[in-house]
S.K.: 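The structure under discussion is supplied below as structure tokens; questions concerning it will follow.
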Amino acid sequence: MSFLDLKNVTKIYPNGTKAVHETSLSVEEGEFMVFVGPSGCGKSTLLRMVAGLEDITEGEITLEGNLMNEVDPSERDIAMVFQNYALYPHMNVYNNLAYGLKNRGIDKQAIEQKVNDAAKLLQISDYLQRKPSMLSGGQRQRVAMGRAIVRDPVAFLFDEPLSNLDAKLRVQMRLEIKKLQTQLKTTSLYVTHDQVEAMTLADRMVVMNEGNVEHVGTPLEVYTKPKTLFTAQFIGSPAMNILKGECQSSQINLSSGAKLKTNSKHNGKVNVGLRPEDFTINEKGPIKLNVELVELIGANTLIHGRLENSNEILVASIAGVISESEIGNQINLSFDENKLHLFDVNSNQRIN
């Protein structure tokens with residue numbers, strides 16, 4: 001048995017909305033598991049069921065071998081970090097960190113030790129006498145995490161904790177959260193809609209869509225071998241190109257007329273996934289693209305266009321700087337055939 005097990009966990013609200021569909025997952029002790037997906041996919045609802053903040057309609061959640069379905073949130077020994085920090089504005093940082101410990105009847109000396117240790121770990125020792133209104137967004141988030149750390153819980157639950165921070169601070173805090181979890185080795189569940197956060201933080205990630213789990217795997221597995229068409233398009237930026245094609249005798253015939261080799265033995269119509277970063281400009285390349293837009297984004301250039309003989313849109317990410325003079329012209333692209341992704345047109349499941 002794993003550290004945390006979810007078995008056919010389902011959430012149906014009184015109005016009949018099914019937010020989470022029969023989800024089964026196992027989380028190992030010390031693992032950093034990230035739930036990622038678009039807004040409304042059920043990831044926060046699933047996290048709140050683990051915390052005990054949402055009732056479980058069906059299924060079971062066990063933590064360290066103990067059934068949690070009817071256990072009060074305060075008895076689960078789980079600490080949650082929210083998006084909105086949830087700090088007490090009238091208390092200083094020290095008292096915000098100490099509040100939960102005081103309620104549990106822990107002696108004053110032990111509280112002081114725990115608070116000072118957490119403050120040192122999070123580099124907020126200088127702010128212990130300040131109130132939340134005197135702190136930056138990043139400092140408030142550190143206090144929120146410190147309040148979870150002082151409890152020394154068996155698991156941390158993070159519900160989109162970095163959504164309120166600016167882009168630069170998000171990157172910094174992301175690194176700090178990962179470093180912190182590596183130091184503490186506490187099992188962590190983390191919810192985000194940001195795929196970059198998911199890819200950089202996760203030991204394993206759970207891709208969710210409309211209450212269903214689409215793919216569970218390491219970030220590299222999810223990126224290189226997405227199990228479903230949704231996962232393929234959701235993970236990766238720019239998104240994977242999906243083109244219509246047909247497999248015949250180890251060859252894929254795209255609707256544009258281009259032909260690509262494949263190791264797949266499948267015969268019939270397929271959805272062909274091509275990641276933008278796997279293209280190169282090649283005069284003899286089989287894919288002919290009529291360029292409509294060129295975006296210079298630094299080390300790479302994004303080329304947007306439509307395929308010849310087809311109205312399908314394609315984006316290619318090319319290393320280096322490509323001149324905007326290419327707009328209106330046709331370029332030839334080749335593709336790394338070992339990185340083709342093929343999906344069944346009916347089930348949207350991966351074929352190759």
S.K.: Ignoring hydrogens and geometry, is there a side-chain-to-backbone donor-acceptor pair from R147 to L97 under 3.5 Å?
M.R.: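 Side chain of R147 to backbone of L97, a donor-acceptor pair under 3.5 Å: no, none is there.
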S.K.: Sorted by first residue and then second, give each salt bridge (charged side-chain N to carboxylate O under 4.0 Å, His left out) pair with at least one member in residues 38-57; sequence neighbours left out.
M.R.: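 As it turns out, the salt bridge (charged side-chain N to carboxylate O under 4.0 Å, His left out) pairs with a partner in residues 38-57, which skip direct neighbours, are K11-E54, R48-E54.
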S.K.: Is there a side-chain contact between F156 and V81 (heavy atoms, below 4.5 Å)?
M.R.: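 Answer no - side chains too far apart.
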S.K.: Are L63 and F3 close enough that some pair of their side-chain heavy atoms sits under 4.5 Å apart?
M.R.: yes
S.K.: For Y99, does the OH atom sit with more than 12 other heavy atoms under 6.0 Å from it, leaving out its own atoms?
M.R.: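 Atom OH in Y99 is not crowded, with 12 or fewer foreign heavy atoms closer than 6.0 Å.
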S.K.: Minimum heavy-atom separation for Q195 and G236, please, with both atom names.
M.R.: OE1-N, 2.5 Å
S.K.: Quick check: closest heavy atoms across T301 and V321, and the distance to 0.1 Å?
M.R.: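 Reported closest heavy-atom pair: OG1-CA, 3.4 Å.
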S.K.: Do Y190 and F35 have ring centres separated by under 6.0 Å?
M.R.: no
S.K.: Do T10 and I56 make a side-chain contact, defined as non-hydrogen atoms from C-beta onward lying under 4.5 Å apart?
M.R.: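 Heavy-atom side-chain distance check fails, nothing below 4.5 Å.
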S.K.: Between L260 and L254, is any pair of side-chain heavy atoms under 4.5 Å apart?
M.R.: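 Yes - at least one pair of side-chain heavy atoms lies under 4.5 Å apart.
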S.K.: What pairs with E292 under salt bridge (charged side-chain N to carboxylate O under 4.0 Å, His left out), at least two apart in sequence or on another chain?
M.R.: R306
S.K.: Would you please test D5 and S26 for side-chain hydrogen bond (donor to acceptor under 3.5 Å, both in side chains) and show each step?
M.R.: CA-CA 5 Å; D5 282 297; S26 294; 2.7 Å; yes
S.K.: Kindly indicate, with the supporting measurements, whether the criterion side chain to side chain contact (heavy atoms under 4.5 Å, CB included) is fulfilled by E308 and Q330.
M.R.: CA-CA 9 Å; E308 184 186 54; Q330 186 179 87; 3.3 Å; yes
S.K.: Does CD in E246 sit with more than 12 non-hydrogen atoms of other residues, nucleotides or ligands closer than 6.0 Å?
M.R.: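 Correct, the count exceeds 12.
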S.K.: Answer yes or no: is there a donor N or O on one side and an acceptor on the other, between the side chain of R76 and the main chain of M68, under 3.5 Å?
M.R.: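 Such a contact is found between R76 side chain and M68 backbone.
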S.K.: Does any part of the side chain of E337, heavy atoms only, come nearer than 4.5 Å to the side chain of T262, both counted from C-beta?
M.R.: no
S.K.: Could you list all the salt bridge (charged side-chain N to carboxylate O under 4.0 Å, His left out) pairs where at least one residue sits in residues 265-290, not counting sequence neighbours?
M.R.: D278-K339
S.K.: Can you check whether V71 reaches N66 side chain to side chain, under 4.5 Å on heavy atoms?
M.R.: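 They are not in contact (no side-chain heavy atoms under 4.5 Å apart), so the answer is no.
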S.K.: Run through the side-chain heavy atoms of Ile, Leu, Val, Met, Phe, Trp and Tyr, join any pair under 4.5 Å, and report what else lands in M240's cluster.
M.R.: L229, I242, F343
S.K.: Set out, in order, the CA-CA distance, both residues' side-chain angles and the distance that settles side chain to side chain contact (heavy atoms under 4.5 Å, CB included) for F158 and S188, then state yes or no.
M.R.: CA-CA 8 Å; F158 296 91; S188 299; 4.1 Å; yes
S.K.: Hey, does T192 have a side-chain heavy atom less than 4.5 Å from the side chain of L201?
M.R.: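 No, their side chains stay 4.5 Å or more apart.
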S.K.: Search all heavy atoms of L342 against all heavy atoms of S264 and return the closest pair with its distance.
M.R.: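 Closest approach of L342 to S264: CD1-CB, 3.6 Å.
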S.K.: Using a strict 4.0 Å threshold on nitrogen-to-oxygen distance, state whether R204 and E31 make a salt bridge.
M.R.: yes
S.K.: Apply side-chain hydrogen bond (donor to acceptor under 3.5 Å, both in side chains) to T228 and Q349, showing your working.
M.R.: CA-CA 5 Å; T228 67; Q349 297 293 308; 5.7 Å; no
S.K.: More than 12 non-hydrogen atoms from neighbouring residues, nucleotides or ligands closer than 6.0 Å to CG on D72, yes or no?
M.R.: yes
S.K.: Check step by step if side chain to side chain contact (heavy atoms under 4.5 Å, CB included) holds for V206 and M33.
M.R.: CA-CA 7 Å; V206 180; M33 178 79 84; 3.5 Å; yes
S.K.: With sequence neighbours left out, write down each residue that passes side-chain hydrogen bond (donor to acceptor under 3.5 Å, both in side chains) with N92, or none if nothing qualifies.
M.R.: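 Expected list: N95, Q129.
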S.K.: Inspect the surroundings of CD in Q183 and state if more than 12 heavy atoms from other residues, nucleotides or ligands are less than 6.0 Å away.
M.R.: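 Yes, CD of Q183 has more than 12 neighbouring heavy atoms, counting only those of other groups under 6.0 Å.
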S.K.: Under the salt bridge (charged side-chain N to carboxylate O under 4.0 Å, His left out) definition, can you give me all pairs with a residue in residues 171-184, not counting sequence neighbours?
M.R.: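 The answer is R142-E176, K178-D203.
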